[in-house]
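Only one structure is covered here, and it is reproduced in the block below.
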Amino acid sequence: KSHFLKMLSYLLENKLVAGKPTLDYFKEDNKIQDSMVMADIQLAVDTPTKVILFNIDSKSEQTSKQSKDAIVNVFLKVFNEMQGFYGARPAIADLERNLTEDGCYESFQTAFLEESGHEWKQHRHRFNFEFVHVAKALAAIKYQNLTVEAATSVCQNIMMKPFQLSIEGFARLVRDWCDKQGKNQHLIFCVDEVGQYIGDDSQMMLNLQTMREELGKECQ
C-alpha cells in the first residue's frame, strides 16, 4: 500500500524523476494498456495538482498523539511545511502566513536579518530566544503599524498561548490556499500508515472522517 501511495502521489503531481516527468515512464514502458485508463491519467496529470505525501506517525508529535486535535495538528503541520512555513510551531507558521498574505514576509526576513544577524528560516526554531529581534523586525517594517512594545506583546502571545485550530478552520485555510493558486487548483493529502496510527481509537477515526467531510464541503 505504501509503495502504491508513493507511485500515485508522483503520478498525480507528475513529479520530475531523474529529470523526466513521471508520466513519461508509464508511457515509454507501456505499463498501462487500457487507453481509457491512460486518458484518465492524462486528465489527472493535466490538472494543476500539489501533492503532500507523508507518514502520519513520523509527522506527529508523540506528546500530542492522545490529544483530540491530533489529526488536525498533523495535517496543519504538513500543510504549513508545504508552503515553506514553520510546521513544528503552528503559531509561528500563522504569523508567517499573515505576513505573506499582507505582502510583508520578504521584508520581515530582511529586517530580522538586520536586527539579529541571522537568517529567519535558520533561526525561527529559536523563537523564544529571538522574540526581541522578531518584535523589532515587525516594528521596523511597520507591520500593521505595530510599535516595538506592541510587537513584543504579539510575540509573547505566540510563546505563551496554545494555538488551536478546528477541523473546520483548517478546511477553510486549505480552500483559501487553493483559491489563491488559480482556477481548478487541486491539493491532495496522501497519508501513509494512517491505519496503524489510529489503531482502535474511535475518537481519532471520527476526527479523520470529519477532516474528510469538512475538506469536501469547503473545497467542493
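Worth saying up front: this structure is predicted, and the values here are computed from it rather than measured.
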Pair Phe26 and Tyr10, ring centroids less than 6.0 Å apart
no

Minimum-distance pair of heavy atoms, taken over all atoms of Ala151 and Ala135:
CB-O, 3.4 Å

Establish, yes or no, whether a centroid distance under 6.0 Å links the rings of Phe79 and Phe170.
yes

Do Arg212 and Asn207 have side-chain atoms, one donor and one acceptor, less than 3.5 Å apart?
no

Hey, does Val74 have a side-chain heavy atom less than 4.5 Å from the side chain of Tyr197?
yes

Going through the checks in order, is the side-chain contact (heavy atoms from CB on, under 4.5 Å) test met by Phe189 and Met82?
CA-CA 11 Å; Phe189 294 90; Met82 181 272 292; over 6 Å; no

Spatial distance of atom NZ (Lys180) from atom OG1 (Thr100) [nearest 0.5 Å]:
10.5 Å

Under 3.5 Å, is there a donor on one side chain and an acceptor on the other for Asp102 and Tyr143?
yes

Hey, does the side chain of Thr110 reach the backbone of Glu106 with a donor-acceptor pair shorter than 3.5 angstrom?
yes

Is Arg124 salt-bridged to Glu96, cutoff N-O under 4.0 Å?
yes

Apply side-chain contact (heavy atoms from CB on, under 4.5 Å) to residues Val134 and Trp120 and explain how you reach the verdict.
CA-CA 9 Å; Val134 174; Trp120 165 248; 3.7 Å; yes

Would you say the side chain of Leu215 lies within less than 4.5 Å of the side chain of Val174, judging by non-hydrogen atoms?
yes

Supply the atom-to-atom distance Ile41 CD1 to Asp46 CG, rounded to the nearest 0.5 angstrom.
12.0 Å

Give the minimum heavy-atom separation between Ile71 and Met211, together with the two atoms involved.
CG2-CE, 4.2 Å

Please answer whether the main-chain N or O of Lys121 pairs with a side-chain N or O of His123 as donor and acceptor at a distance below 3.5 Å.
no

So which heavy atom on Thr22 is nearest to which on Asn14, and how close?
N-OD1, 3.3 Å

Can you confirm whether Arg97 sits close enough to Leu173 that some side-chain heavy atom of one is under 4.5 Å from a side-chain heavy atom of the other?
yes

Any side-chain heavy-atom pair from Gln109 and Glu119 closer than 4.5 angstrom?
no

Is there a path of hydrophobic side-chain contacts, each under 4.5 Å between heavy atoms of I/L/V/M/F/W/Y residues, joining Leu165 to Ile92?
no

Specify the closest pair of heavy atoms between Leu208 and Val194, including all atoms of both residues, with the distance to one decimal.
CD2-CG2, 3.8 Å

Got Phe75 and Val191 here, is their nearest side-chain heavy-atom distance under 4.5 Å?
yes

Phe112 and His118: which non-hydrogen atoms are nearest, and at how many Å?
CD2-O, 3.4 Å

So do the side chains of Leu99 and Leu138 get within less than 4.5 Å of each other, counting heavy atoms only?
yes

Just wondering, more than 12 heavy atoms not from Lys20 lying within 6.0 Å of its NZ?
yes

Any non-hydrogen side-chain atom of Phe163 less than 4.5 Å from a side-chain atom of Ile158?
no

Do the side chain of Lys59 and the main chain of Phe54 share a donor and acceptor less than 3.5 angstrom apart?
no

Classify the angle between the aromatic ring planes of Tyr105 and Phe108 as parallel (below 30°), tilted (30 to 60°) or perpendicular (above 60°).
parallel

Would you say the side chains of Lys27 and Gln42 form a donor-acceptor pair under 3.5 Å?
yes

For the residue pair Leu53 and Lys6, establish whether any side-chain heavy-atom pair is separated by less than 4.5 Å.
yes

What verdict does the side-chain contact (heavy atoms from CB on, under 4.5 Å) test give for Cys190 and Ile188, after you've listed the backbone C-alpha separation in whole Å, the side-chain angles of each residue and the deciding distance to 0.1 Å?
CA-CA 6 Å; Cys190 292; Ile188 301 176; 3.9 Å; yes

Would you check, one step at a time, whether the test side-chain hydrogen bond (donor to acceptor under 3.5 Å, both in side chains) holds for Arg89 with Asn128?
CA-CA 11 Å; Arg89 293 183 64 178; Asn128 289 16; 3.0 Å; yes

Are the side chain of Asn98 and the backbone of Asp94 linked by a donor-acceptor contact shorter than 3.5 Å?
yes

Passes side-chain contact (heavy atoms from CB on, under 4.5 Å), His186 versus Cys178? Steps please.
CA-CA 7 Å; His186 286 53; Cys178 289; over 6 Å; no

Is it true that a side-chain atom of Asp69 and a backbone atom of Val72 form a donor plus acceptor pair closer than 3.5 Å?
no

Looking only at heavy atoms, the pair that brings Ile141 and Ser107 closest together is CG2-O, 3.6 Å

Is the backbone of Leu43 close enough, under 3.5 Å, to the side chain of Thr47 for a donor and an acceptor to pair up by distance?
yes

Using modelled atom types and a 3.5 Å cut-off, is there a donor and acceptor pairing between side-chain atoms of Glu214 and backbone atoms of Glu168?
no

Between OG on residue Ser9 and NZ on residue Lys50, distance to nearest 0.5 Å:
10.5 Å

Residue Met205 excluded, over 12 heavy atoms near CE under 6.0 Å:
no

